[in-house]
Each structure stands twice: as structure tokens, then as C-alpha cells.
There are 2 protein chains.
Amino acid sequence: MPRGKYGVSEAVIRRLPKYYRYLKEMEKAEIQRVSSKELSQRMGLTASQIRQDFNCFGGFGQQGYGYNVTELRQEIKKILGLYRNYNVIIVGAGNLGQALANYSNFEKEGFFIKALFDINPRLIGMSIRGIEVLDIDQMEEFVKKEPIDIGVISTPKAKAQEVADLMIKCGIKSIWNFAPIDVEVPPDVVVENVHLSDSLYTLAFKMNNGS
Amino acid sequence: MPRGKYGVSEAVIRRLPKYYRYLKEMEKAEIQRVSSKELSQRMGLTASQIRQDFNCFGGFGQQGYGYNVTELRQEIKKILGLYRNYNVIIVGAGNLGQALANYSNFEKEGFFIKALFDINPRLIGMSIRGIEVLDIDQMEEFVKKEPIDIGVISTPKAKAQEVADLMIKCGIKSIWNFAPIDVEVPPDVVVENVHLSDSLYTLAFKMNNGS
DNA sequence: TAGATTGTTAATCGATTAACAATC
DNA sequence: TAGATTGTTAATCGATTAACAATC
């Protein structure tokens, strides 16, 4: 398994957005410095783990002082790759696809939804926050004109693999998959799954097991 | 950290719904038996891990044969707690809340959405698949009449903690949280987070790091 | 300077993988 | 019976935690 620029484990990667979230909050609250100890208490981690995590990327702190909140937030923003913009399309303009298109917070971090696609004639032609719903047949042409970084799959399960294949054919290298199936992709394509049912079943398990 | 009936790690818990998903597919494809080896190939795990996972719960296989697909699926269904029904309410009837209410698949596994709640007068009175959107002020009364197992938070971040507090006050012990914040709850309450932005940022990180 | 807190190395813990006897 | 595959124990690997010298 190749591990790009930063040789970093999945566990660390998953914590990065959480650090980013907490640091944004602290910045908003005008907190200027933070120690690994204080951050650990806020986030429910250990101070050791936090320092280990940051040192995967080179250490942004200062002995005796801690971390500058703004600086640390910016570093993590950089690591996550949020200092550039991403063009996004959503395939599947049903309720979930529309909900995602309506969620304007993604834009604030540079994720711009350029179009939705569907096969349903009733949806095609619609517009959500000014984003058009187009026929899936137009997708290939659309992506040729406007390079797309991320493809979102919000179709039913039965169509998900087909949609993934089409995205890959169009040269899209990153897929955010909401369909309850693990789509198969070539090794240069990244997939991030949001399996809502899996999450709900996990909750069911935990509530029956008091953990 | 107390670990209910089954003393099982988070990593194992997270794999259970995935097993369930694959086994359902195989059952649909009328596959009757499966070995840990074959399942490992389908799922991208190791056979060892699969056998270890199942043996957390007591081993459902037979030497020389493998596992009966239907039986195994049923066992996992039992472990997950999907042989009972769950009453669910959704607080926040915006796009995401509506999308969740519209997603009829949850019902098939026994999760019944009993009502949505909101503060927006424009949404109150609406009906989604026959599920009413009520005023949040009616929630406490509603939950008294109809016991609710799971509360879904699909409000903006700013309201999430308040909503969680209200749910807890109403006796709800399980929260499925879609707001981009970690709500604080007493130790007997279970929270499962779906942090969409975290997931998206993870994807951004990975696409910039070729992992 | 003295106190605080990092960056980093070492120790521990837990999860995954390997191996194999048991047995269908 | 012979072959296959589990359940389970042991070995390995990786991630988390602890400890502490470096240094602000």
C-alpha cells in the first residue's frame, strides 16, 4: 500500500479533520495558544497521541509554550489539502443528492458543486441553489469542459457501480460514495464511503451492548 | 470503558455491518456456503481476521465446510440487534432530515421514523412519506406517548447540543448525530456521529497523498 | 533562571496475521 | 478415509501511552 507524501496511518488521517474542527472553534473563541494537554482534554484524546500525530508532519509547537492555535489550524488545513478548490459533481439528484447540494458549508472550504446528474426526467432541468440537474448522458461532455476533482455517488445501490465506472471513464480520481455498496475502482482512484446504514447498525449494536 | 455483553473492540463492531451487507448480497445471489477464505477475498480482509471476528461471538462455522450463508447472516443480524424494531425521531427537518425520512431502506431493517421536529414554521405541518413535521416544543409530549429509541440530529451545528440535551431530557439513550460537532452526553447515552465534512476532508487528504 | 511543554525515544498494549491441532 | 476448513493459540506488527531530555 503506497502512502504518499506523508507516511501516515489511516487512524491519524481520520483524526486530522477533528483537529481542524476543534481548532477552528478555538480560533473563533479567540483562544491563541493551546498545549497538547489542554487539547487532549477538549478532544478526549491523550496529549501523547496528539504530539505523536502532529509529529507525523513535522511538529508545529514550541517547547514551554505549546501550539499557536491559528498557526496549527493553518498547518492542518494545508495538510488536509484545503488551500485549493475542488470541483465536484453529484450523481443521483434524489433527496440525498439535493441535500448535499444544498449544504453550503462545503463551499466555504473550497468544494464547489458544479452540477448534479440523474436519469429521472422529472429531476432533469431542476436547479438547486443555482446548480443544474442534468441528464447523466451529458456527464462525459460536461466533465470534458470543466475538470472535476470529486464525484459524489448518491444513487441507489443498484446504479452505484455503473456510476463509478462512468466517473472513472471521465477521468475522475476521487469518489465520495453514499451508496450502501463497496464500489470497485482501479488503484489510482480514491473512494471514501459514507455508509449510513452501517453507521445506524453500529448504533443499534452499541445501544444493545452498553458500550 | 464498559463493554456490554460482548467484549468486543470498536474495530470489530465497525466490521459487523459490512459482514451483514456482504452476506445479504450473497444470500440474494443464492450462495449457500462460504469459507472464511472466500469471504476474505470478496471483502478485502484476511481469512484469519474474519475467523477471529466471528469467534468474538462464539463461532458459527463448521470445520471442513465453512459457514452457512443464511445462518451466519442471521447470527450477525442478531448480534447487531436487528431482530427488534426501533422508534426514531429526527430533529431538524431541513434537506438532510427530509432525505433521511425519505430513505425507506431503514424501515426494512426495523427503524421506524415516527416524527420529524423543527423550529421553522414553514416546515412544521409538512408531511414526508406520511411522517409529520412537528414543532420542537411538542417533542417532550410526543416522546412521552410514544417511546423513542433513537434521536437523529440533523440541525445546524449551533443547535446540536441543545437538541441533544432535550433528547436526553426526554429519556432518549441513543443519538445519531449529523451535525459537525461532538455533542456531550452522559455516559449512559450512546452517540454515533456522521461527520460529513470530516469524511470529505479525509477524501481531500487522500487524493493529495495518493494513498 | 525556573517552569512549562514540546519532540522523540522506549515501553506497553491491542489488533492483526500466521500456524496448526481439532474435526467435520 | 482424505481433504478442507474451522476454532484457537502463538507470533508479529502497529498504534497508543509513558517517560524524559531538549529547549523555549
Side-chain angles (χ1 to χ4, degrees), chain A residues 1-4 6-16 18-19 22-23 26 31-76 79 202 205 211, chain B residues 1-4 6-16 18-19 22-23 26 31-76 79 202 205 211:
Chain A
M1 245 171 252
R3 281 228 200 111
Y6 306 113
V8 139
S9 75
E10 184 75 16
V12 175
I13 296 172
R14 296 269 157 211
R15 281 192 291 270
L16 291 174
K18 190 170 171 175
Y19 288 126
Y22 276 80
L23 289 164
M26 290 173 74
I31 297 165
Q32 271 156 35
R33 54 163 283 213
V34 68
S35 65
S36 57
K37 189 175 170 214
E38 202 208 324
L39 195 55
S40 75
Q41 286 158 350
R42 285 174 182 264
M43 295 184 63
L45 304 171
T46 65
S48 246
Q49 185 169 55
I50 288 174
R51 292 202 299 279
Q52 287 279 23
D53 282 357
F54 293 165
N55 277 91
C56 294
F57 307 99
F60 319 115
Q62 197 173 299
Q63 278 107 326
Y65 173 84
Y67 302 87
N68 176 294
V69 171
T70 299
E71 209 179 278
L72 183 57
R73 202 217 77 226
Q74 286 171 345
E75 289 293 345
I76 292 175
I79 293 163
T202 301
F205 176 86
S211 69
Chain B
M1 246 171 251
R3 282 230 198 108
Y6 306 114
V8 139
S9 74
E10 183 76 16
V12 175
I13 296 173
R14 296 267 157 210
R15 281 193 292 271
L16 291 174
K18 188 170 172 173
Y19 288 125
Y22 276 81
L23 289 164
M26 291 173 75
I31 297 164
Q32 271 155 36
R33 54 162 285 214
V34 68
S35 66
S36 57
K37 190 176 170 212
E38 202 207 326
L39 195 54
S40 76
Q41 285 157 351
R42 285 173 182 265
M43 294 184 63
L45 305 170
T46 67
S48 245
Q49 185 169 53
I50 289 174
R51 293 203 299 279
Q52 288 279 24
D53 282 358
F54 294 167
N55 277 90
C56 294
F57 308 100
F60 320 115
Q62 195 172 301
Q63 278 108 327
Y65 172 85
Y67 303 87
N68 177 294
V69 171
T70 300
E71 209 179 277
L72 183 57
R73 201 216 79 227
Q74 286 171 346
E75 289 293 345
I76 292 175
I79 293 163
T202 301
F205 176 87
S211 70

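Chain A is the first sequence line, chain B the second, and so forth, proteins listed ahead of strands; every chain is numbered from 1.
Side-chain N/O atoms of B:Arg33 include none lying less than 4.0 angstrom from OP1 or OP2 on D:dA4. For the pair B:Tyr67 and D:dA4, the criterion of a side-chain N or O lying under 4.0 Å from OP1 or OP2 is not met.
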Between A:Val34 and A:Tyr22, is the side chain to side chain contact (heavy atoms under 4.5 Å, CB included) condition met? List the steps. CA-CA 11 Å; A:Val34 68; A:Tyr22 276 80; over 6 Å; no
Which is it for B:Ile76 and B:Phe57 under the side chain to side chain contact (heavy atoms under 4.5 Å, CB included) test, yes or no, and what are the steps along the way? CA-CA 9 Å; B:Ile76 292 175; B:Phe57 308 100; over 6 Å; no
Residue pair A:Arg51, A:Tyr67: steps toward the side chain to side chain contact (heavy atoms under 4.5 Å, CB included) verdict: CA-CA 10 Å; A:Arg51 292 202 299 279; A:Tyr67 302 87; 3.7 Å; yes
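Rounding to whole angstrom units, NZ of residue B:Lys37 and C1' of D:dG7 are separated by 18 Å. Atom CD of A:Glu38 and atom P of C:dA4 are 15 Å apart (whole Å). As a whole-Å value, the separation of B:Phe54 CZ from D:dT6 P is 10 Å. Rounded to an integer number of Å, the gap from CD1 of B:Ile13 to C1' of C:dA15 is 14 Å. Distance, B:Ile50 CD1 to C:dT16 C1': 13 Å, rounded to whole Å. In this structure, A:Asp53 atom CG and C:dT6 atom P are separated by 13 Å, rounded to whole Å. Look at CD on B:Glu10: it is 13 Å from P on D:dT16, rounded to the nearest Å.
In the displayed structure, B:Gln41 atom CD is contacted under 6.0 Å by more than 12 heavy atoms of other residues, nucleotides or ligands. Other residues, nucleotides and ligands contribute only 12 or fewer heavy atoms inside 6.0 Å of the NZ atom of A:Lys37.
Under the Watson-Crick and G-U wobble criteria, each requiring two contacts below 3.5 Å, nucleotide D:dC20 is paired to C:dG7.
Of all heavy-atom pairs spanning A:Phe60 and A:Glu71, the tightest one is O-OE2, 4.0 Å.
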What string of B, S and - do you get for nucleotides 17-24 of chain D 5' to 3' if you count protein non-hydrogen atoms under 4.0 Å? BBBB-BBB
